[in-house]
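What you see below is based on every heavy atom in this structure, not just the backbone, and it leaves out hydrogens, waters and symmetry mates. Starting from 1, each residue takes its place in the sequence as its number. Quick caveat: nothing in here was measured; it's all calculated off a predicted structure.
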Amino acid sequence: MAETSRQLAQISIDLKKSRIRVHKASLHQIGDPHYIHLLVNIEARQVAIRSVDAQKFDSAAHKVKPSAMDSDFSYEIYSQPFVEKLRKEFDCFHAGTSYRLTGVVIPEEKMCVFPLSSIHPIESEVQNNHV
């Protein structure tokens, strides 16, 4: 019987710093890509990361630097245009806030898809001090 369950993936989006943190496990699950695309599907209300072959990369691809993979548990990408697009297109993203999204890995397409229904705000230290 074929395995049909999907592995979970996570990303964090920090609107204050225009930073996207992709969990390293998610990158491993899509084949340790050299380049990735950050994708937005407005109609389906989804965000995705997709592995891009080195031979087919374009200017929209983000290079995954091996030296940055030596740090903690995530890989950081800074993209103000991507973060601004999210804020403009979806009412669930608010300036200055960080969010975590949980999605699924689609190994045959070398991508992770994160539905906006999984969005969860990450409380900052400032918010925690006012509780």
Side-chain angles (χ1 to χ4, degrees):
M1 193 180 289
E3 178 65 36
T4 59
S5 65
R6 299 266 191 218
Q7 294 178 323
L8 293 180
Q10 287 191 330
I11 59 170
S12 300
I13 301 171
D14 180 347
L15 275 70
K16 184 175 183 180
K17 296 180 181 177
S18 297
R19 176 177 58 196
I20 300 93
R21 285 185 168 165
V22 181
H23 289 220
K24 286 185 188 177
S26 301
L27 291 175
H28 295 317
Q29 292 167 336
I30 61 171
D32 294 314
H34 295 285
Y35 297 88
I36 59 172
H37 277 158
L38 300 171
L39 305 169
V40 177
N41 184 326
I42 296 167
E43 293 79 27
R45 296 186 56 84
Q46 296 175 333
V47 175
I49 58 168
R50 179 180 61 198
S51 173
V52 181
D53 291 335
Q55 301 165 350
K56 297 179 184 177
F57 82 95
D58 57 26
S59 62
H62 295 273
K63 182 172 177 56
V64 178
K65 299 174 187 161
S67 61
M69 291 294 285
D70 293 335
S71 63
D72 57 14
F73 297 106
S74 62
Y75 183 78
E76 294 182 352
I77 300 168
Y78 291 86
S79 177
Q80 188 172 4
F82 180 76
V83 170
E84 285 301 313
K85 181 170 184 79
L86 293 177
R87 228 169 53 86
K88 179 183 171 196
E89 297 295 341
F90 303 114
D91 61 355
C92 56
F93 289 100
H94 304 287
T97 306
S98 296
Y99 299 93
R100 181 173 295 113
L101 291 129
T102 303
V104 295
V105 178
I106 306 172
E108 60 274 12
E109 295 184 32
K110 293 186 177 183
M111 70 186 309
C112 300
V113 178
F114 306 92
L116 292 185
S117 61
S118 73
I119 195 168
H120 178 74
I122 300 170
E123 292 187 30
S124 69
E125 290 180 30
V126 173
Q127 290 172 331
N128 287 336
N129 291 335
H130 293 298
V131 175

[X] to [Y] - nearest heavy-atom pair and separation:
X   : Y   : value
P33 : V64 : O-CB, 3.4 Å
Q29 : A9  : OE1-CB, 4.4 Å
D91 : R45 : OD1-NH2, 4.0 Å
S18 : V83 : CA-CG2, 3.7 Å
R21 : S74 : CD-OG, 3.7 Å
K85 : I42 : NZ-CD1, 4.2 Å

How many angstroms lie between atom [atom1] of [X] and atom [atom2] of [Y], to the nearest 0.5 angstrom?
X    : Y    : atom1 : atom2 : value
L27  : H34  : CG    : NE2   : 12.0 Å
L86  : I119 : CG    : CD1   : 8.5 Å
C112 : R50  : SG    : CZ    : 12.5 Å
S98  : K17  : OG    : NZ    : 8.0 Å

Report whether [X] and [Y] are members of the same hydrophobic cluster (ILVMFWY, side-chain heavy atoms less than 4.5 Å apart, transitive linking).
X    : Y   : answer
I30  : V40 : yes
F114 : L15 : yes
L101 : V22 : yes
V105 : I49 : yes
I13  : F90 : yes

Do [X] and [Y] have side-chain heavy atoms sitting under 4.5 Å apart?
X   : Y   : value
I77 : I36 : yes
L39 : V47 : no
Q7  : S26 : no
H23 : L8  : no
H62 : I20 : no

Original post:
Would the number of heavy atoms belonging to other residues, nucleotides or ligands and lying under 6.0 Å from CZ of R19 be above 12?
Top reply: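 Correct, the count exceeds 12.
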
**OP:** For Q80, look at atom CD and say whether over 12 heavy atoms of other residues, nucleotides or ligands are found less than 6.0 Å away.
**Re:**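 Result for CD/Q80: open.
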
Original post:
Yes or no on side-chain hydrogen bond (donor to acceptor under 3.5 Å, both in side chains) for H120 and R100, after CA distance, side-chain angles and deciding distance?
Top reply: CA-CA 5 Å; H120 178 74; R100 181 173 295 113; 5.3 Å; no

Subject >> F93 and Y99 aromatic ring geometry - parallel, tilted or perpendicular at 30°/60° bounds >> reply: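 Y99 and F93: perpendicular rings.
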
